[in-house]
Amino acid sequence: MSMFCYQCQEAAKNVGCTVRGVCGKTSTVANLQDLLIYTLKGISEIVVKGDLSASELGDVNNKMLNGLFITITNANFDEDSIVKEIDKMIEIRDELRKKVGVSELHDSATFKVNGKEDMVKKGENVGVLNTENEDVRSLRELITYGLKGMAAYTDHAVNLGKSDDEICEFMYKALQATLDDSLSADELVALTMETGNFGVKAMALLDEANTSTYGNPEITEVNIGTRNNPAILVSGHDLKDFEQLLEQTKDSGVDIYTHSEMLPANYYPAFKKYDHFVGNYGNSWWKQLTEFESFNGPILFTTNCIVPPRKEEIRNRIFTTGASGYPGCTHIESDENGKKDFSEIIEMAKKLDPPTEIETGSIVGGFAHNQVMELADKVVDAVKSGAIKRFFVMAGCDGRMKSRDYYTEFADKLPKDTVILTAGCAKYRYNKLPLGDIGGIPRVLDAGQCNDSYSLAVIAMKLKEVFELEDINELPISYNIAWYEQKAVIVLLALLALGVKDIHLGPTLPAFLSPNVANVLVEKFGIAPNGEVESDIEMFMSEGQTA
Ligand code: SF4
Ligand code: SF3
């Protein structure tokens, strides 16, 4: 076995990738990522034992967030940039160690490596399987993956000037705890729940950062056709990068389109003012190789999900920034003030053909919490009159496996008096189906990116208030969530922390849940895998009560 990774839903045989990732990650990248995480755990031990506060750590917090983000599925495949990151983190770690002068530290806080090969070897010995007890391993990884998701959300907020020391301090504490052999399984379960609580805080922080900077998302008809100008396609999740590119392409004759998880940028008032922002091109992340081919112009990845581009011609048109990276693609760094110079992409776009149209028409979105609350009276009336019988939260991720057809079929076969609440790229499984509306309320309400799943929790909490219910689980809302990468893990933990029960999770339960840990989630929270479409719909429709 040259690597072991089971952090995403597409882990080989739903056990783990051991030779090369199904995602395309090489064993070298996997081992380097394991070492990067290990180094961050070492830093965390020094921070915790040295009693350092996040405020005195300053930029180290941001580097810790970025380091975690780099290891999220499909974010960064670039060995050299991960090596650089490890070197940087070891330097920070050693400086902190000198500063606090604590002794008796874990190997992660003191190990030395010399060059890439040495790093890979070390990484092979400090990864997931280094924890022998499968339940402890499962809980440690569940927490670590939750922290990766939390880091992504916090990192986006930081890019918009919002941070929260409490979140970072918790992250150091939790990272350190995953190497602490004295903790019992019960203590790790408690820490998992605390991770969910901080997940809610991180998502609220990002929501505040996005809406205070760009306004509240509003109902928007998004064009999915094309125009006849050269253009740049923007993928990933970072709105600050998107804004900078829009500004730099103003009056350049180059159009801008969103791809995959950047689609919700279309819903923000601040971006609507740009005439050269045309709409969305294409679908979910896993269809990118064919869609990039027909797009013709350059593509900017602001974060995950990258699919390894096999053709050199496409690789040459891909640019990465932030935590994302791919070998052979140009990476754009920011200056010390967070400014990025996108002129190379813009110049390339001018020389290339306009996009080839692959679809025409529009899709509707922009139903984040503020917009839904503006429609609250209509929604509440529809529930009271029985026009809406049940809501289905179908947020989360999409993936390339055939088993995900379940979600298309599920959405299609749901009774016509139900409404889907969604966020994340899971929506591409059904957002172009003609599902109609209920008295003017579309049957698919898209709140935005996976990063905006917080909106769905806010909507549920507000509805609970309006219907004067004691418990969020009394609402006529069912949760049928699709997961793929680690941001979905923090969304799940956040929902559990908010008291949501009976979440169905698919298309498979995570490989990193040991049978005992899965049992805890089943018994305490009613988590269940999905089954067959018809029987699942029947079961959901018969459960609970309408308000
Ligand atoms: Fe496998 Fe997923 Fe890990 Fe990639 S991220 S190596 S597909 S488990
Ligand atoms: Fe999608 Fe990668 Fe998770 Fe942001 S783009 S939801 S999978």
Side-chain angles (χ1 to χ4, degrees), residues 1-34 37 69-77 123 127-129 141 144-145 148-149 152-153 155-156 203 206 234-239 258-265 280 282-288 291 301-308 323-324 394-401 404 407 422-429 431 446-454 456 481-492 505 507-508 510-513:
M1 194 186 294
S2 53
M3 62 177 275
F4 185 81
C5 178
Y6 63 175
Q7 68 172 355
C8 87
Q9 192 274 326
E10 291 183 0
K13 301 193 174 81
N14 208 31
V15 175
C17 300
T18 55
V19 183
R20 186 189 176 92
V22 172
C23 58
K25 182 160 88 177
T26 61
S27 61
T28 301
V29 169
N31 290 317
L32 288 171
Q33 289 186 348
D34 283 349
I37 294 292
F69 201 168
I70 280 179
T71 68
I72 276 187
T73 301
N74 293 342
N76 200 315
F77 295 82
V128 174
L129 298 180
E141 294 309 312
T144 305
Y145 304 152
K148 290 184 183 194
Y153 293 146
D155 183 77
H156 288 297
M203 288 158 81
L206 178 57
V234 190
S235 200
H237 303 70
D238 196 86
L239 297 182
T258 55
H259 183 260
S260 189
E261 273 286 72
M262 200 50 89
L263 157 69
N280 190 68
N283 294 279
S284 166
W285 64 271
W286 59 277
K287 292 193 174 165
Q288 64 187 246
E291 292 174 353
F301 270 103
T302 63
T303 67
N304 58 318
C305 272
I306 301 174
V307 176
S324 68
M394 289 180 71
C397 307
D398 195 11
R400 64 198 120 199
M401 302 301 172
R404 298 214 180 227
Y407 294 103
T422 193
C425 62
K427 66 168 110 1
Y428 284 101
R429 287 279 165 179
N431 68 344
D446 176 23
Q449 301 178 333
C450 57
N451 299 19
D452 301 306
S453 301
Y454 174 72
L456 305 179
I481 289 181
W483 83 285
Y484 171 59
E485 37 81 18
Q486 299 74 50
K487 283 186 265 178
V489 176
I490 194 62
V491 171
L492 175 72
L505 191 63
T508 52
F512 57 79
L513 295 181

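Numbers for residues simply follow the sequence, beginning at 1. We count ligands from 1, going down the list as the structure has it; atoms in each ligand are counted the same way. For the numbers below, each heavy atom of this structure counts, side chains included, while hydrogens, waters and symmetry mates do not.
- Counting only distance, with no hydrogens or angles, the side chain of Gln9 and the backbone of Ala482 share no donor-acceptor pair below 3.5 Å.
- Looking at Thr258 and Asn280, their side chains do bring a donor and an acceptor atom within 3.5 Å of each other.
- To the nearest 0.5 Å, atoms CD (Glu261) and CG (Asp452) are separated by 8.5 Å.
- Not a single donor-acceptor pair under 3.5 Å links the side chain of Lys148 to the backbone N or O of Ile70.
- Counting only protein atoms, the N, O or S atoms lying less than 2.8 Å from atom 4 (Fe) of ligand 2 are His237 NE2, Glu261 OE2, Cys450 SG, ordered by chain and residue number.
- Side chain of Glu10 to main chain of Gly399: no donor-acceptor pair is present (N/O by atom type, distance under 3.5 Å, no hydrogens or angles).
- Residue contact check: Tyr484 has heavy atoms under 4.0 Å from atoms 7 (S) of ligand 2.
- Neighbouring protein atoms of atom 2 (Fe) of ligand 1 (N, O or S, distance under 2.8 Å, waters ignored): Cys8 SG.
- For ligand 1 and Met3, the ligand atoms under 4.0 Å from any heavy atom of the residue are 6 (S).
- Of the possible polar contacts, one joining the Glu291 side chain to the Asn283 backbone as a donor-acceptor pair under 3.5 Å is found.
- Applying the salt bridge (charged side-chain N to carboxylate O under 4.0 Å, His left out) test to pairs two or more places apart or on separate chains, none has a residue in residues 11-22.
- Residues Tyr484 and Cys305 form a side-chain contact, since some pair of their non-hydrogen atoms from C-beta on lies under 4.5 Å apart.
- Not counting sequence neighbours, the partners of Asp398 by the salt bridge (Lys or Arg N to Asp or Glu O under 4.0 Å) test are Arg429.
- Ring geometry, His156 versus His237: the interplanar angle falls from 30° to 60°, so the pair is classed tilted.
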